[in-house]
Amino acid sequence: MNAGFRLLDPVRQAEAVKALRAILPPEAVLYQDEDTKPYECDGLSAYRTLPMVVALPQNEDEVSRVLRACSELKLPVVARGAGTGLSGGALPHGKGVLLSLAKMKCILALDPVARVARVQPGVRNLAISEAAAPYGLYYAPDPSSQIACSIGGNVAENSGGVHCLKYGLTVHNVLRVRGCTVEGELVEFGNEALDAPGYDLLALIMGSEGMLAVATEITVKLVPKPQTARVILAAFDDVEKAGNAAAAVIAAGIIPAGLEMMDQPATRAVEEYVHAGYDLNAAALLLCESDGTAEEVADEIARMTAVLKDSGAYDFRISQSEAERLKFWSGRKAAFPAVGRISPDYYCMDGTIPRKRLGEVLRFIAAMEKKYGLRCPNVFHAGDGNLHPLILFDANDPEQLRRTEAFAGEVLEKSIAVGGTVTGEHGVGIEKINQMCLQFTPAELEMFRAVKRAFDPDGLLNPEKNIPSLHRCAEFGRMHVEGGRLPYPELPRF
Amino acid sequence: MEQIVKRYAEQIRAAAADKRPLRLRGGGSKDFYGQSLEGELLDTRDYSGIVAYEPSELVITVRGGTPLAELEAALREQGQQLAFEPPHFGSGATVGGMVAAGLSGPRRQAAGAVRDFVLGVRMLDGRGEDLSFGGQVMKNVAGFDVSRPMAGSMGTLGLLLEVSLKVPPLPFAEATLKLELPQDKALATLNHWGGKPLPISACAWAGGELVLRLSGAPSAIEAARALIGGELVDADQAQAYWRGIREQTDPFFSTDKPLWRMSLPSVAPPLAFPGAQLIEWGGSLRWLACKADARSIREAAAQAGGHATLFRAADKSAGVFTPLAPALARIHRNLKQAFDPAGIFNRGRMYPDL
């Protein structure tokens, strides 16, 4: 794990510190290495860079003034929430300001009748649902990091969760984002009604990885909590059969509240860790959840069971209590840490594929395991086609690192080739920026850059993320053809 | 088919070269909607048909010129639907026009709007470049989400060649109920029910009568009916009623007064304007047939936290859409410049400077 490449310009740093100290109290402007160190990476810890300065504003006015100052000094600004992102979207800029919104964590208003909450960007995802619980309401998107991740980060990544097939992504559950442009000007996207005049910029800023504006206040929708939920745990002797079963459930006109799949290596890793009672002989397990009123759930579970049986599941268990439902889910929810236990490091991918290509993609991954000599358990949001292969490796072995990178690159490219995308929910960030050159044509990438300029003419907000430059793609294209693998020449190696 | 795309691209490039406005138009069923119609006609209907449909993936990809009715029939055959129940406003409505207008019908309150179901687009920009954004999968965060904002952009950003849409299943059962309630009570009740796990998929209140549609599993509908009460409406009558609300053929909409579309928070109190009102979307959408001056209507909408659109009117001099705040207006102009540098697409359809 190398520290990121940084050429610190002390004059520039002093200039930035001076400007920020005119706005923020001294303890809210960090620039000593030991103070900025905690900000050097997000959840993708393989990439690290010390920021030149860290700014910790406490309110919207401070955010606005910090941005104006940065804009005047032409300083790059990287906004950061809880830092749980998995694609390096909040990786600091070595010559810029890391704008932490962690201090802005107030729930400003919660209206149980209108079913909305107005919150600051640093509020944790789960804290919103906790505040809404006394009214029988909750905030639907539930990314697995929901205990820690912030709503501002959810907006930046358009986060999903295991229930998003039925309840939608962040884009479907946010009514309004108030924030600042790069010049510090206040701007509102959406409003507290269901639509707003003009272009749907609210949709555009969802998942824009902090490159278009900085959110200072977010109005989310709250929805009624389903009365009850039950889950079916179905076992299959073949992975493709399980994939087809997921398709058959949906083809039967059912939208399950959750539909998740794990292959045998993933199941074995989690069973050892959480003892969820999974069948270790199954080639794949499918978790299929129904929620609603008790009658509705009983009906739907019966329909789902019939479809799964017809699709060749050889064993079923239906949760008989809330405790049992949570136990069935515990393994799936612990998949990443469980895999972390059986390997020194793992690399999580995030491609989304059309579900009908699942068998083909899994066979491809199995072939890659042989080709690169690395194991790769798979967990899969089967309902929406979002696949998380987890390549197991040891980061201390440079040779394994090289093979892991190449393996990951091939899987991402396969996702594109079958009509999918390199990232379903983790974002492009810095991690998948090269593959953007493959997923989009030069003209499409140029349109992305033009969209960026429409908001941020000088390219100061989270530069060098998400949308690759022309130069980067040219370089990547050349290396890609030459080597057949994916080098990241200008990035720290992991 | 690709010959047609080539022809469109040539027409766009030629128009861009001499900054000649182009009027992108499908069936013309929504010609009444928006500020003004300018420019030489580009008929989008030649590029028509379903490109790919995979019911078990819940995704359909369809060409912009496809008749909306054709798309809906294909979905119905597979037990699926456009959950946002888009209005046609005429037999010629096309898929591209539906997306560009961005209008959703009664089911929007429960299911979401057009933009919520757009997964990807293929479009020609103002340089005639053939661009694809998003894709055919539910979850996709690669690059900026350029496809959803096409919904409601009124054809000012580009020619929509193809769209991929999420297409959920039809509900297993539906029932429509009728209740007598004054407006304030109806709004309070709708908001109260909105906080309960009830399968309400549509509502319409007018003249002291609240009509509700329940959609879902038969058991859930039964349970909701017991809680809500009211009088059950005959299924055929109910279907005709909801079609009337969606297509604005209901008698409420035959008015010679300007028709305002007020998009408000659901809890906004009853509007104190003369003239008839119809409420949808759990209180979030209020139709107002009213001669009051535009400024007072827009102020009332803004005060309530929403906005007002002059939906149908003979005189549109007051502006169809609510003017944008300066920072937003600047971003709009910049985006227009990015997609359509010569300013040729549907000039003035949305705002005078877009």
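Every chain is numbered from 1, with letters handed out A, B, ... down the list of sequences.
- Contact tally against chain B (heavy-atom pairs below 4.5 Å) for A:Leu186, A:Val116, A:Ile255: the top residue is A:Ile255.
- With respect to chain A, the highest number of heavy-atom pairs below 4.5 Å among B:Thr156, B:Ile221, B:Asp130, B:Leu198 belongs to B:Thr156.
- Between chain A and the options B:Ser266, B:Gly194, B:Ala329, heavy-atom pairs under 4.5 Å are most frequent for B:Gly194.
- Note: A:Tyr167 and A:Tyr138 have perpendicular aromatic rings, judged against thresholds of 30 and 60 degrees for the angle between ring planes.
- With a 4.5 Å cut-off on non-hydrogen atoms, A:His381 touches chain B through its side chain but not through its backbone.
- By number of non-hydrogen pairs under 4.5 angstrom with chain A, the leading residue of B:Leu354, B:Leu335, B:Leu285 is B:Leu335.
- Contact of B:Ser132 with chain A is made through backbone and side chain together, with heavy-atom distances under 4.5 Å.
- Using cut-offs of 30° and 60° on the angle between ring planes, the pair A:Phe448 and A:Phe440 is perpendicular.
- Side-chain atoms of B:Glu174 and B:Ser215 form a donor-acceptor pair, as typed in the model, at a separation below 3.5 Å.
- Ranked by non-hydrogen atom pairs under 4.5 Å with chain A, the options B:Gln136, B:Arg127, B:Lys139 are led by B:Lys139.
- Proximity to chain B (any heavy atom under 4.5 Å) is shown, for A:Arg355, by both the backbone and the side chain.
- Looking at B:Ala113, neither its backbone nor its side chain comes within 4.5 Å of chain A, counting heavy atoms on both sides.
- Looking at A:Lys225, only its backbone comes within 4.5 Å of chain B, counting heavy atoms on both sides.
- In this structure, chain A has heavy atoms under 4.5 Å from both the backbone and the side chain of B:Glu57.
- Contacts of A:Asp299 with chain B are made by side-chain atoms alone, with heavy-atom separations under 4.5 Å and no backbone atom involved.
- Note: B:Gly143 leads B:Ala220, B:Gly79, B:Gly135, B:Gly143 in heavy-atom pairs under 4.5 Å with chain A.
- Across A:Asp195, A:Val187, A:Val428, the residue that shares the most heavy-atom pairs under 4.5 angstrom with chain B is A:Asp195.
- By the 30° and 60° cut-offs, the orientation of the rings of B:His332 relative to B:Tyr351 is perpendicular.
- The most heavy-atom pairs under 4.5 Å with chain A, out of B:Met262, B:Met150, B:Lys196, B:Lys336, come from B:Lys196.
- With a 4.5 Å cut-off on non-hydrogen atoms, B:Phe339 touches chain A through its backbone and its side chain both.
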